[in-house]
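Please read the structure below before turning to the comments.
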Amino acid sequence: MTERIVWKSIASASKNRSDNADDKSLITELNEPHALLPFLQLQPATSLTRLYQSPSSCLSIFRLLDAVERQLTMNLLWLDSAISLSTMGAWVVQDKKKVYDDALDMLSRLHILNIHAGKLSLNTSFKTSLRHAITGGGTTGSFGVPAERDEKRPPMGIEGLDGYALERLFSTLWCHRELANIRKPSQGVLYLLQRSGLMSNHHGSLPQITSSGFQFLLHPPHAQLWDLLLQYLHMAEERQMDLVEVLTFFFMLSTMELGKEYLTENLSQTQKAMLDDLRDYGLIWQRRASSRRFSPTRLATTLTSSSPSLPTAVGAASSQQGFIVLETNYRVYAYTDNPLQTAVLNLFVSLKYRFPNLVVGSVTRDSVRRALNNGISAAQIISYLVTHAHPQMRKFNPLIPVTVQDQIRLWELEKDRLKSQEGYLYTAFASQADYEYVLEYAKQLDIVLWENNTKRCFFGSLDGHSNIRTFIERRTSGAAD
Amino acid sequence: MNSSHLSVVVDLAPAHWHRSSLHTPSILDLPSFISQLLAFLNAHIAARHENTLAVFGAFPGESVLLYSSSDPPADYPPSDANSFPPFKMVNSIIIRNILSHLESSTADEQAPSALVSALIKALCYINRLTIEFNASTSNAAEGLEPLALPDPRILILSVSPDQTASYIPVMNSIFSAQKLKVTIDACQLFGPETVFLQQAAHLTGGSYIYLERRDALLQYLTMAFLPSPAVRETISVPTQDKIDFRAACFCHKNIVDVGFNQVSYQDPAASQSGQAFTATDRLFCVEVTPLISSVNPPKNGWRSSGYTIAGLGSRRLAAFRSYRIH
């Protein structure tokens with residue numbers, strides 16, 4: 001009497017709301033605190049205090065703070081005694097009280113600021129270290145021990161370092177099927193990417209970019225690097241590495257000078273072990289893996305600044321400016337020679353021609369559906385196009401032609417039009433009364449997905465089936481009695 | 001919009017610093033001043049990787065660029081493990097330049113320090129940065145208004161008293177600063193209050209401080225002069241509650257309480273409409289009043305607001321009171 005089929009119903013078009021939420025989150029991200037700070041807030045006070053014993057760490061964390069937080073820290077830095085909350089509060093402009101309170105809150109959660117009995121003071125080790133950092137002196141050696149210049153083997157030049165960092169970072173960030181011509185990333189990097197959920201492995205042995213991986217591409221390069229380092233920090237916890245030493249080493253790198261060589265001798269065991277990983281990510285350069293010297297690359301030395309960490313010499317100019325021209329006829333002209341950008345475009349554009357500095361393709365239903373199937377959303381595609389739009393495109397309002405924008409969203413809706421639900425179809429009732437009686441019962445249980453009175457059949461969900469069956473059995477046996 | 005530029009003008013007149021080092025109860029001598037200044041400069045560079053810095057020294061009779069972050073020197077000091085390389089570079093270059101200049105200088109040590117000349121150099125430097133900043137944007141190519149630098153500031157650290165002869169160049173610098181959207185902060189470390197620096201700070205939205213607790217220089221510098229204009233919207237900085245608006249006259253270069261605009265009387269008939277007088281921006285002191293009083297007033301008295309007591313650009317400086325002669 002019942003037959004198991006898969007029922008498909010038209011899904012509601014509530015998708016649009018979540019798209020808008022995505023857009024907003026893109027905008028608000030700009031004002032959020034640096035990605036590392038929430039991670040630091042989770043650390044216990046004792047390890048933070050240990051971290052604050054290194055002047056270079058204090059200086060780097062100081063740089064990651066917001067402007068108001070930096071000023072508050074500076075105001076307290078040279079004071080020997082604690083100052084009362086009201087004295088400090090008197091300097092605050094009345095309607096900016098919230099900004100000030102947020103800053104105090106952030107500083108105290110980082111354990112930089114102690115608020116005790118209405119008095120404000122800096123964490124003693126933070127204060128000592130930041131003073132040391134600013135005035136120089138001390139014997140901590142936290143800024144790295146520079147190596148003597150070796151005339152026989154001169155250090156790699158700045159340009160060489162940039163090229164090296166770029167190549168490593170590319171192969172780190174974009175291990176994608178289409179990028180087979182680029183150096184294959186090491187196992188450690190692949191593991192890191194899979195752990196962070198940016199790449200997935202379920203399409204066979206070749207890693208695939210995921211939705212969060214595509215979202216990651218929308219971030220500025222600097223944020224991308226920090227995202228990866230945060231993953232590294234999470235992994236370090238699992239690998240039983242000393243987190244404070246890992247962080248200290250990151251911060252030491254960030255205060256080093258580009259184009260100089262440093263000695264590995266004064267590093268701790270954990271930090272020496274990190275050299276291998278950081279070489280893979282392109283943060284440092286070493287002549288040989290066993291070399292006793294290393295040079296930080298631009299990626300490392302700009303960790304705590306907001307300047308672009310990708311070297312400006314190679315390809316980054318176009319990524320900053322925007323390079324994509326999108327026409328109303330779905331044609332895409334991308335002025336780039338960058339294999340990475342081409343590969344990203346290839347995720348949702350079907351490419352037609354390739355010239356030395358130009359890639360031409362068009363946005364088609366198939367290409368967009370392919371991207372959607374990989375978990376990339378329409379909103380992500382559109383915001384990628386907006387972020388990388390060519391300056392010429394910026395003259396138009398709206399920036400992306402409405403037709404194309406709408407069509408991409410429609411293709412996404414199209415994909416979501418059908419929703420499958422397993423269940424049972426109840427049919428061939430003996431009489432209208434029987435049918436209505438069972439239907440009534442099923443409605444009480446709230447399991448009816450579809451009903452048709454003229455054909456005397458209805459469809460119920462899977463979990464309600466046993467109830468209906470016993471109900472019908474009881475009724476038929478009752479009728480037989 | 002993340003970076004911030006700071007130009008510091010340091011008054012390095014040996015005579016005044018000598019007096020300052022003898023001034024009890026709180027002695028502030030040049031070495032301790034320089035070390036506190038360097039800590040302040042380092043704090044500015046520490047705040048952001050992109051922050052830029054220029055330091056100008058005002059020596060007796062001449063001004064010198066001591067350090068600028070846009071022109072890195074060829075010879076780096078060797079870096080060591082205990083100091084941040086940029087800090088070390090700033091410190092060593094500034095100290096080296098001050099010392100070499102003090103040793104080689106042949107100018108008269110009693111000559112007034114070239115504070116204004118250093119201020120004008122600082123403005124020129126910021127103007128240069130503005131041009132470079134605009135060249136990198138598409139704004140210049142499209143013929144739009146040049147963009148102002150984000151948050152440029154000048155801090156003047158002075159030990160010398162006002163030189164009345166420099167009134168006109170100071171006022172001109174103030175107007176160029178307003179045009180470049182530069183905030184001028186000023187701190188008088190020693191000696192009498194200076195009228196001109198007060199006005200410079202007030203008219204450019206900066207802060208003027210007379211250093212009262214001379215042992216707390218660094219704290220003053222940090223609290224009042226480190227925050228960029230954007231931060232000052234949240235954490236306010238001290239500003240003076242009364243400003244000395246007196247100007248110097250053009251004839252004797254004295255700072256005057258009462259001065260007169262030169263007014264030329266044209267036509268009694270036109271005086272009906274109040275257009276009879278044209279005032280210039282020149283200000284004269286009382287000693288030249290006979291010149292003015294030789295003008296016969298019309299019978300129905302003055303119709304315009306009369307002579308204004310004003311400095312240069314009286315119409316722009318609303319704070320000046322107007323004064324009527326009958």
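We name chains A, B, ... by the order of the sequence lines, and we start the count at 1 in each one.
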Checklist entry - With a 4.5 angstrom heavy-atom cut-off, which part of A/Thr255 approaches chain B: side chain, backbone, both or neither? => result both
Checklist entry - Can you say whether A/Leu59 sits under 4.5 Å from chain B via the side chain, the backbone, both, or neither, judging by heavy atoms? => result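 For A/Leu59, the side chain is the part near chain B, not the backbone.
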Item to check | A/Tyr335-A/His390 aromatic ring centre distance below 6.0 Å | outcome: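 Here the rings of A/His390 and A/Tyr335 have centres that are less than 6.0 Å from each other.
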Next on the checklist: Rounded at 0.5 Å granularity, tell me how far OG in B/Ser20 sits from CZ in B/Arg214.
Outcome noted: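 Result: 3.5 Å between the selected atoms.
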Checklist entry - Which of the residues A/Lys96, A/Met88, A/Lys97 is involved in the greatest number of heavy-atom pairs with chain B at under 4.5 angstrom? => result A/Lys96
Next on the checklist: Quick check on B/Phe87 against chain A: is it the side chain, the backbone, both or neither that has a heavy atom closer than 4.5 Å?
Outcome noted: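 Answer is side chain: those atoms of B/Phe87 sit under 4.5 Å from chain A.
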Item to check | Option from A/Asn123, A/Asp105, A/Leu76 for which side-chain contact (heavy atoms from CB on, under 4.5 Å) with A/Leu113 holds | outcome: A/Leu76
Checklist entry - Does any N or O in the side chain of A/Arg63 come within less than 3.5 Å of the main-chain N or O of B/Ala46, such that one atom is a donor and the other an acceptor? => result yes
Item to check | Contact winner vs chain A - B/Leu38, B/Val231, B/Asn91, heavy-atom pairs under 4.5 Å | outcome: B/Val231
Enumerate donor-acceptor pairs with a distance under 3.5 Å from any side-chain N or O in residues 218-228 of chain B to protein atoms, sequence neighbours excluded.
unit_1	atom_1	unit_2	atom_2	d
B/Gln219	NE2	A/Asn75	O	2.8
B/Tyr220	OH	B/Arg213	N	3.4
B/Thr222	OG1	B/Leu218	O	2.7

